[in-house]
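Below is one structure, written out as structure tokens; the observations come after it.
Just follow the structure's listing: the first ligand is 1, and inside any ligand the first atom is 1. Bear in mind the structure is a predicted one, so any value in this text is a computation, not a measurement.
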Amino acid sequence: MTQAVYPVRAQFAQRARIDRAEYERLYAQSVAQPDTFWGAVAQRLEWMTPPTQVKDTSFALADFRIRWYADGELNASVNCLDRHLAARGDKTALIFEPDDPAQPAQRISYRELHARVCQLANAMRQLGVRKGDRVTIYLPMIPEAAIAMLACARIGAIHMVVFGGFSAHSIADRVADCGSKLIITADQGLRGGKPVALKANVDAALKLPGTNSVETVLVVRHTHAAVDMQMPRDRWYDAVVDSQPTQCEPERMNAEDPLFILYTSGSTGKPKGVLHTTGGYLVYVSYTHEAVFDLREDDVYWCTADVGWITGHSYIVYGPLANGATALMFEGVPNYPDVSRFWQVIDKHAVTIFYTAPTAIRALMREGDEPVQRTSRKSLRLLGTVGEPINPEAWRWYHEVVGDARCPIVDTWWQTETGGILIAPLPGATDLKPGSATRPVFGVLPALVDASGQVLEGEAEGNLVLLDSWPGQMRTVYGDHQRFIDTYFKTYPGTYFTGDGCRRDSDGDYWITGRVDDVINVSGHRIGTAEVESALVSHPKVAEAAVVGFPHDLKGQGIYAYVTLIAGEAPSDELRAELVRHVRAEIGPIATPDHLQWAPGLPKTRSGKIMRRILRKIAEAGSSQLAPDRLGDTSTLADPSVVDALVKERLAK
Ligand code: WTA
């Protein structure tokens, strides 16, 4: 197969931290002698007790363990803040760019950020939050989001951030699962000029069962809208925090003490509480942030993710701040006040490194080149993508129009579970191919297996597994270690199974082809088909539902729902709209079905298993592909006529 290759640019390589020879040398060392390699990398952090142990891991079920730096002690907030005060106290840690460009941006120095984190940490201690307690953070993209995470880290509380786009039900499920004591939220969020009712959502969540653990809700005054305050539960953030001392003794944390829980969707059941620990995670995100983004002291780094996702945790907060970098936090959206906003923000703050999602690139590409070209972007030197495969057309537009063919693009493949980037080019070392995440980063051993678990060599396509551990790997599913092992280590024993399909080309470069399980990737957000199905069947008029993904021009994948109503209920456009609203209320707007098709019956095997393969084909297909012979084998179905009915309904649309 011939592929366009964009060789490493000489000008970039000359100044890069890691060139090709260095990458090859370090990679070889990292896999041959992981203890030596990761022992040396760990010295980039400040330890209260330096670790003498490094890697202690096994994916074998009989001997399963994942421990890194197990006798080390440190505090993540000290590494992100205190450590920089001497040399970088006045350096800008965070630039806050508000939703409304007419409002002033804020620059927060490391010294100020340290003080504000200490104040909140003191306030939380006063509210009775102790090491190991869980704290829910449900905030917009404002500095308090990062401050809250770091304040938790300072006192050893485990933060659990809920993305601001999730509904009251989603908040309640997560709060109940992890039993949090405190919720930090805001009166409202603001996105594209529209308010988001954060406090009202928290109020609704706390009326739902299982949320009694919550003692206090701290409310940041952000838009200053009037909200209900239920005393003594609800407290204004400024009233509790502003009077606190600006110093706070950090908790000594073992490297394997939990740092945070972040819920993510899987192929079955409710979202899982992915648990990351302190030492390995921080080593890994700080090192990969420096290596993959070729970080320099004077960079202005902007990752457009929300802190509600892992990308925000690892590459807005922990990685950049552990590295003493200047990170931009953007409250708004790419098309407000107009579709030039991203590029305007780049010029306004002289951003040098820009990291975003393919879905945003595709949406902005549709607006043409002019909104980009009316800005300068001359400060940019490196671009990145994350969250889903990038189609080569979007890659080329990003490269040529946004980056003026000057900036390398790092296409970074990773997951909530992996903590940090696992497969990505290093901009001074790796030739780029549009659509390929290229090579593993240090210490990462990817492999492709076929359905039977046979490892495939050379040029091949199969399921992506990882043969050995890396420091940033999740340690457990909160409260359900067996689910952790069952989900990731049983499919292909002895390996971590990613859930992704992947191709390796003849040069050894990796091309992620997308999820091979029942997870849909909508605009870079993970949604489990099972979650949407259970939201649908929780509606009294729904008997059964099946949800699949289908290719979507902008979102990458869209959500396609088949719904069977209970006897006596008739399909109608009003009911369809009602069901869509119901899913939004149960999960959040990101789970809005793009299509909802009435299904008199669902295709099932004789043992009652829904054949999603057929549903996917019907959802995906243009009408010509819906001929019965194109749907594959339907002979194992209990009632093959069900398929004819579904196809007919699909064609009628
Ligand atoms: C997908 C986001 C192709 C993949 C950091 C993975 C990607 C899932 C890429 C994890 C990429 C992420 N190329 N696919 N560069 N990055 N993915 O947990 O399917 O929200 O399994 O973590 O996103 O999504 P998550």
Can you pull out the closest protein heavy atom to atom 6 (C) of ligand 1? Residue, atom name and distance to 0.1 Å, please.
Asp500 OD2, 3.1 Å
So, taking the atom named CG in Leu464 and the one named CG in Asp500, what distance separates them when rounded to the nearest 0.5 Å?
6.5 Å
The atoms of ligand 1 lying under 4.0 Å from a heavy atom of Val386, numbered in the order shown, are 5 (C)
Verdict with reasoning, Phe166 to Arg174, per side-chain contact (heavy atoms from CB on, under 4.5 Å)
CA-CA 11 Å; Phe166 278 122; Arg174 288 160 170 75; 3.7 Å; yes
Aromatic ring proximity, centroids under 6.0 angstrom, Trp470 and Tyr287:
no
Would you check if there is a donor-acceptor pair between the side chains of Thr592 and Arg584 at a distance under 3.5 Å?
yes
Does any N or O of ligand 1 fall below 3.5 Å from an N or O anywhere on Gly387, backbone included?
yes
Which of the atoms of ligand 1 are close to Asn521, meaning less than 4.0 Å from one of its heavy atoms?
1 (C), 23 (O)
Can you list the atoms of ligand 1 that are under 4.0 Å from a heavy atom of Asp411?
11 (C), 13 (N), 15 (N)
dist Met149:CE -> Leu321:CG (nearest 0.5 Å) comes out at 9.5 Å
Suppose we measure from atom 3 (C) of ligand 1 to each protein heavy atom; which comes out shortest, and what is that distance?
Pro389 N, 3.1 Å
Ile310 neighbourhood, listing ligand 1 atoms whose heavy-atom distance to it stays under 4.0 Å
5 (C), 22 (O)
Nitrogen or oxygen of Thr412 less than 3.5 angstrom from that of ligand 1:
yes
Kindly assign one of parallel, tilted or perpendicular to the pair Tyr355 and Tyr301, based on the angle between their ring planes and the thresholds 30° and 60°.
tilted
Geometry only, no angles: is Thr264 polar-contacting ligand 1 at N/O separations under 3.5 Å?
no
Ile390 and ligand 1 - part of the residue with a heavy-atom distance under 4.0 Å:
neither
Using the rule given for ring-ring contact (aromatic ring centres under 6.0 Å, His included), can you reason through Trp414 versus Tyr284, listing the C-alpha separation, both sets of side-chain angles and the distance that settles it, and then say yes or no?
CA-CA 13 Å; Trp414 56 295; Tyr284 196 75; 9.1 Å; no
State whether the shortest distance between N or O atoms of Thr385 and N or O atoms of ligand 1 falls below 3.5 angstrom.
no
Give yes or no for whether the N/O distance cutoff of 3.5 Å, strictly under, is met between Arg526 and ligand 1.
yes
State whether the number of non-hydrogen atoms from other residues, nucleotides or ligands found under 6.0 Å of Glu400 atom CD is greater than 12.
yes
Distance flag, aromatic centroids of Tyr263 and Tyr478, threshold under 6.0 Å:
no
Aromatic rings His313 and Phe260: how do their planes relate, parallel, tilted or perpendicular, breaks at 30° and 60°?
tilted
What protein heavy atom lies closest to atom 10 (C) of ligand 1? Include the residue and the distance to one decimal.
Trp414 O, 3.6 Å
Between Glu388, His313, Arg515, Gln557, which one has a non-hydrogen atom sitting closest to atom 9 (C) of ligand 1?
Glu388
Nearest protein heavy-atom contact for atom 18 (O) of ligand 1: which residue, which atom, what distance?
Thr416 OG1, 2.5 Å
Can you check whether Thr311 has an N/O within less than 3.5 Å of an N/O in ligand 1?
no
